[in-house]
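This structure is a prediction, so every number in the text was calculated from the model and none was measured. In this chain, residues are counted from 1 in sequence order. All values below were derived from every heavy atom in this structure, side-chain atoms included, with hydrogens, water molecules and symmetry-related copies excluded.
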Amino acid sequence: MHVAYTIAFDSPGTGGHRLLAKMLAMSLLRTRFDGEIIIFRNSPAPIFQIGREGIIEKYVPTRSQGGLQMRDEAWCWKYRVAPEVAARCAETGAERVLFLDADILCLRNADHLLDGDWDIAYSTEERPITGPC
């Protein structure tokens with residue numbers, strides 16, 4: 001089992017990242033991803049009105065700001081949530097963690113990307129996953 005997580009932080013009065021995170025989570029479920037999906041959001045309202053098995057939403061209160069400041073705030077939270085993600089992995093026995101930007105869709109199962117004998121692997125938009133580091 002694995003854990004995938006994403007950050008869905010929106011500026012006040014917007015909801016674009018919430019929608020992207022919802023589409024990402026649903027695409028992972030459709031591919032039969034073997035694990036849990038955690039969505040960290042900064043809006044009090046849930047992304048899914050009806051809970052979905054395999055999807056956990058965590059509310060993270062942030063400062064009310066917009067534009068580039070909100071982008072920078074969201075960037076920092078990719079790492080600040082690491083203790084929560086690690087705790088969830090310890091609870092569930094998850095072997096690997098996958099961070100996904102909210103602006104992607106999974107068209108096929110991603111489990112094979114988490115196989116192998118490595119500690120850290122990474123990928124940019126320009127190239128495939130590289131490991132080990």
Side-chain angles (χ1 to χ4, degrees):
M1 182 165 142
H2 309 296
V3 170
Y5 76 97
T6 193
I7 308 290
F9 286 2
D10 285 312
S11 299
T14 65
H17 288 100
R18 290 171 51 85
L19 178 60
L20 290 172
K22 187 175 194 175
M23 293 184 343
L24 165 60
M26 294 307 295
S27 72
L28 269 172
L29 288 180
R30 285 185 58 112
T31 66
R32 299 195 182 355
F33 175 70
D34 180 30
E36 290 183 329
I37 304 158
I38 305 172
I39 302 172
F40 292 93
R41 58 180 164 75
N42 68 339
S43 60
I47 292 174
F48 291 95
Q49 298 303 314
I50 298 172
R52 300 280 196 275
E53 186 176 339
I55 298 177
I56 299 169
E57 293 186 41
K58 299 275 187 170
Y59 170 62
V60 178
T62 59
R63 295 175 290 186
S64 181
Q65 55 193 1
L68 296 177
Q69 291 174 330
M70 189 72 243
R71 182 199 66 191
D72 293 343
E73 179 82 5
W75 183 262
C76 293
W77 277 98
K78 291 177 184 180
Y79 310 104
R80 290 182 191 164
V81 299
E84 278 196 61
V85 173
R88 187 64 190 165
C89 289
E91 286 175 26
T92 63
E95 298 176 14
R96 303 269 188 202
V97 176
L98 178 64
F99 170 79
L100 297 167
D101 275 333
D103 64 348
I104 67 165
L105 291 175
C106 293
L107 301 177
R108 64 184 181 129
N109 188 283
D111 291 335
H112 69 283
L113 300 175
L114 299 167
D115 293 337
D117 186 25
W118 47 266
D119 291 326
I120 298 173
Y122 65 93
S123 175
T124 63
E125 293 179 22
E126 295 85 30
R127 60 192 193 135
I129 289 188
T130 304
C133 291

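- In this structure, CD1 on Ile55 lies 9.5 Å from NZ on Lys22, to the nearest 0.5 angstrom.
- Closest heavy-atom contact between Cys106 and Ser27: N-OG, 2.9 Å.
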Checklist line | Steps toward side chain to side chain contact (heavy atoms under 4.5 Å, CB included) verdict (Val81, Phe99) | finding: CA-CA 11 Å; Val81 299; Phe99 170 79; over 6 Å; no
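- Residues Ile39 and Phe48 are in side-chain contact: their nearest non-hydrogen atoms beyond the backbone lie under 4.5 Å apart.
- Not a single donor-acceptor pair under 3.5 Å links the side chain of Arg88 to the backbone N or O of Glu36.
- To the nearest 0.5 angstrom, Arg18 atom CZ is 6.5 Å from Arg41 atom CZ.
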Next item on the list: Could you give me the CA-CA distance, side-chain angles and deciding distance for Tyr5 and Ile56, then say whether side chain to side chain contact (heavy atoms under 4.5 Å, CB included) is met?
Entry: CA-CA 9 Å; Tyr5 76 97; Ile56 299 169; over 6 Å; no
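- Atom CG of Leu28 is separated from atom CG of Asp34 by 11.5 Å, given to the nearest 0.5 angstrom.
- With sequence neighbours left out, the side-chain contact (heavy atoms from CB on, under 4.5 Å) criterion links Glu84 to Phe40, Lys58.
- In terms of modelled atom types and a separation under 3.5 Å, the side chain of Arg96 and the main chain of Ala94 share no donor-acceptor contact.
- One finds the NE2 atom of His2 at 9.0 Å from the CG atom of Leu98 (value rounded to the nearest 0.5 Å).
- The shortest non-hydrogen separation linking Thr6 to Ala102 is OG1-N, 3.2 Å.
- Judged by distance alone, with hydrogens and angles left aside, the side-chain atoms of Asn109 form a donor-acceptor pair with the main-chain N or O of Asp111 at under 3.5 Å.
- Of all the heavy atoms in Leu24 and Asp101, the pair that sits closest is CD2-O, 3.7 Å.
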